[in-house]
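Okay, so here's the structure we're looking at.
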Amino acid sequence: MPVYKDEYKNGWKVRLSYVDKFGKRHYHTKRGFSRRGDAKDYEESYHRSIERDELVDGFPFNRLAESYLEWYKKRHKPSSVKSVKNYLNNHHVPFFGSIDIHEITAQDIIDFHDHMFSKTNRNGEPLKKGYIQDIHTSLSSVLNHGVKFHGLKINAASIAGNIEDDEIKNWDYWTLEEFKTFYDSLEHIRDRAHFRLLFYAGLRNGEQRALTWNDINFSREYVSVNKTNYNGIVGTPKTKSSIRVVYIPHHVVEILEEYQEWYKQNQPYKDNYVVFGSFNSSYGETTIDNWKNNLIDRVDGLKRIKLHEFRHSHASDCINRLHMDRETLAKRLGHSSSITIEKYYGHLYPGTEKGAIQGL
């Protein structure tokens, strides 16, 4: 029976479910009825409205999700839009469906957290807490959109709060010796230039793929990072702090000069053409990842790392071998604060500090 006594609001409530014409089950709750008869009338009216393919009142979550996504697309980069679409389509909408946003409570958010804890990734492993945190943050943004533009009184996700992430961040990286082992297996000048720059500059993959020849200052030995490539679309970098000058070692400059000569002899060249690609089209990230995996397979005993982990490898080398301080490393990697460095690399610093005081 869908009509119940509501102990929370000292009245009656309706909780019902139905299957739409696509075979999908939906749930709906309505509170605040002072009499059981009123709740029963609402139930019957709601079922009639379903048959007419309309809602009696309220604003369903799936409509709010659509409104939020359209608003978000106009204000954020494609990479961010892709993440939000993933959160909405794979997590938010499947759980909340067409529930009236005005009926979502803090307890519903807690239930959503429990639901996320029960899910697994494609490898059958539990979802990382940091990932669930990001999903909650996105959900809170969706509900906040409802507060601003659709008459929602409270943001239940904000009231419930996010989960605590007590997991240790794990990622792989290569030491300088491991990179040299990998590098020694490279034959093509393009591969040597690409991966040497990636390891010794610590650029994001999209930043390196967007580089043009006029971004490289050979005489002063630095690269200018002022754009990024995401899925073939070149745009502004991730943040304002990402726009920066990154100095590179002389041996990296030398290999880039050698690669430039090969480039000029083997394909059309202009200063505004991409460094790693042809004309204005850079190699795709999947293509470069395949290069990397095929090259790793040639080297016995060399652990496989992700393309992004070349950046981690650079950061680790700067800390462990060069003893670079947090603020300098943050600026080099394009972070606005050393807090990010502490979050991801702080565990690498204690040994550095211990070594630094040996002369005291």
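- Classified by interplanar angle (parallel below 30°, tilted 30° to 60°, perpendicular above 60°), the ring pair F276/H194 is perpendicular.
- Residue K227 qualifies as enclosed at atom NZ: its count of foreign heavy atoms under 6.0 Å is above 12.
- Annotation for G202 and R311: closest pair O-NH1, 2.7 Å, computed over non-hydrogen atoms.
- Ring geometry for H92 against F112 counts as tilted: the plane angle lies between 30° and 60°, on a 0 to 90° scale.
- Looking at T212 and D215, their side chains do bring a donor and an acceptor atom within 3.5 Å of each other.
- In this model, no donor atom of one side chain and acceptor atom of the other lie less than 3.5 Å apart for E221 and N217.
- In this model, no donor atom of one side chain and acceptor atom of the other lie less than 3.5 Å apart for N226 and S224.
- Rounded to the nearest 0.5 Å, atoms CD1 (I255) and CD (E258) are 4.5 Å apart.
- At a cut-off of 3.5 Å, with distance as the only test, a side-chain donor of H91 or Y131 sits close to an acceptor on the other residue.
- In the hydrophobic clustering of this structure, L198 groups with I296; members are Ile, Leu, Val, Met, Phe, Trp, Tyr whose side-chain heavy atoms approach within less than 4.5 Å, directly or through other members.
- Two residues are said to be in side-chain contact when any heavy atoms from C-beta on lie closer than 4.5 Å; V253 and E257 meet this criterion.
- Ion pairing of E70 with K73 is present here, as a side-chain N (NZ or NE/NH1/NH2) and a carboxylate O approach within less than 4.0 Å.
- No continuous path of hydrophobic side-chain contacts links L322 to I248 [ILVMFWY only; heavy atoms under 4.5 Å].
- Side chains of N144 and S158: a donor-acceptor N/O pair is absent below 3.5 angstrom, by distance only.
- Under the side-chain contact (heavy atoms from CB on, under 4.5 Å) criterion, T236 pairs with K77, sequence neighbours left out.
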Practice task
Output, in order, the C-alpha distance, side-chain angles, deciding distance and verdict of ring pair (Phe, Tyr, Trp, His ring centres under 6.0 Å) for W174 and H314.
Solution key: CA-CA 8 Å; W174 279 343; H314 176 71; over 10 Å; no

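- Donor-acceptor pairing under 3.5 Å is lacking for the side chains of S83 and N86.
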Practice task
Begin with the C-alpha distance, continue with both residues' side-chain angles, and end with the deciding distance and a verdict on side-chain contact (heavy atoms from CB on, under 4.5 Å) for T120 and E125.
Solution key: CA-CA 5 Å; T120 57; E125 302 166 338; 5.9 Å; no

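- With H188 contributing its side chain and R190 its backbone, the two residues share a donor-acceptor pair below 3.5 Å.
- Although no hydrogens or angles enter the test, the distance criterion places a donor-acceptor pair under 3.5 Å between the side chain of D108 and the main chain of T105.
- The structure places CD1 of I243 at 11.0 Å from OG1 of T228, a figure rounded to the nearest 0.5 Å.
- L329 and V223 fall into different hydrophobic clusters, where Ile, Leu, Val, Met, Phe, Trp and Tyr are joined by side-chain heavy atoms under 4.5 Å apart, directly or via other members.
- Checked by atom type and distance alone, the side chain of S313 pairs as donor or acceptor with a backbone atom of E309 at under 3.5 Å.
- For the side-chain contact (heavy atoms from CB on, under 4.5 Å) test, residues two or more places apart in sequence or in another chain that qualify with I154 are I159.
- Checked by atom type, the side-chain pair R204/S242 shows a donor-acceptor distance below 3.5 Å.
- The closest side-chain donor-acceptor pair between H312 and Y345 falls under 3.5 angstrom.
- Tested against F195, the residues Y183, F182, F179, Y259 include a single ring-ring contact (aromatic ring centres under 6.0 Å, His included) partner, F182.
- The CG atom of N155 lies 5.0 Å from the CG atom of L143; values are rounded to the nearest 0.5 Å.
- The closest side-chain heavy-atom distance from V246 to L203 is below 4.5 Å.
- One finds the NE2 atom of H150 at 4.0 Å from the NE2 atom of H145 (value rounded to the nearest 0.5 Å).
- At a threshold of 4.5 Å between non-hydrogen side-chain atoms, the residues K13 and K30 do not count as touching.
- Closest approach of G334 to T239, counting heavy atoms only: O-OG1, 3.9 Å.
- When hydrophobic side chains of Ile, Leu, Val, Met, Phe, Trp and Tyr are connected at separations under 4.5 Å, Y247 ends up clustered with Y222, V245.
- V142 and V147 fall within a single hydrophobic cluster, where Ile, Leu, Val, Met, Phe, Trp and Tyr are joined by side-chain heavy atoms under 4.5 Å apart, directly or via other members.
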Exercise for the section: Check the pair K40 / E43 against salt bridge (charged side-chain N to carboxylate O under 4.0 Å, His left out), numbers first and verdict last. Expected result: CA-CA 5 Å; K40 188 65 177 176; E43 174 208 348; 3.1 Å; yes

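- For H251, the side-chain contact (heavy atoms from CB on, under 4.5 Å) partners two or more places apart in sequence, or in a different chain, are R196, Y200, P249, E254.
- When the side-chain contact (heavy atoms from CB on, under 4.5 Å) test is applied to Y269, the partners found at least two apart in sequence or on another chain are W213, Q260, Y263, K264, D271.
- The CG atom of L295 sits 10.5 Å away from the CG atom of N290 when rounded to the nearest 0.5 Å.
- Following chains of ILVMFWY side-chain contacts shorter than 4.5 Å, one cannot reach V252 starting from L333, and the two form parts of different hydrophobic clusters.
- For the pair R75 (side chain) and W71 (backbone), a donor-acceptor distance under 3.5 Å is present.
- Remark: the backbone N or O of S282 is not paired with any side-chain donor or acceptor of R209 at under 3.5 angstrom.
- Using a distance-only test at 3.5 Å, with no hydrogens or angles considered, no donor-acceptor pair links the side chain of T287 to the main chain of Y283.
- Using a distance-only test at 3.5 Å, with no hydrogens or angles considered, a donor-acceptor pair links the side chain of D100 to the main chain of H102.
- Not one N or O on the side chain of T328 forms a donor-acceptor pair closer than 3.5 Å with the backbone of D325.
- Residues I104 and I99 form a side-chain contact, since some pair of their non-hydrogen atoms from C-beta on lies under 4.5 Å apart.
- Remark: the N62 side chain and the S98 side chain contain no N/O donor-acceptor pair separated by less than 3.5 Å.
- Nearest heavy atoms, N121 versus P126: ND2-O, 4.5 Å.
- L211 has its side chain out of reach of V274: every pair of non-hydrogen atoms, C-beta onward, lies at least 4.5 Å apart.
- Nearest heavy-atom pair, A210 versus N229, reported as atom, atom and distance to 0.1 Å: CB-N, 3.7 Å.
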Problem - Worked check of side-chain contact (heavy atoms from CB on, under 4.5 Å) between I163 and H136 - result: CA-CA 8 Å; I163 67 165; H136 172 94; over 6 Å; no

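- Side chain of D317 to backbone of L176: no donor-acceptor contact under 3.5 angstrom is found.
- Here the NZ-CZ distance, from K119 to F95, works out to 10.5 Å after rounding to the nearest 0.5 Å.
- At least one donor-acceptor pair under 3.5 Å links the side chain of K292 to the backbone N or O of I305.
- Pairs engaging residues 297-308 under the side-chain hydrogen bond (donor to acceptor under 3.5 Å, both in side chains) rule: E178-K303, N293-R304, D297-R304 [sequence neighbours left out].
- S141 has its side chain within reach of Y68: a pair of non-hydrogen atoms, C-beta onward, lies under 4.5 Å apart.
- In this structure, S34 and W12 approach most closely via the heavy-atom pair O-CD1, 3.7 Å.
- Side chains of K82 and Y230 form a contact here, defined as non-hydrogen atoms less than 4.5 Å apart.
- V14 places a side-chain heavy atom less than 4.5 Å from the side chain of F33.
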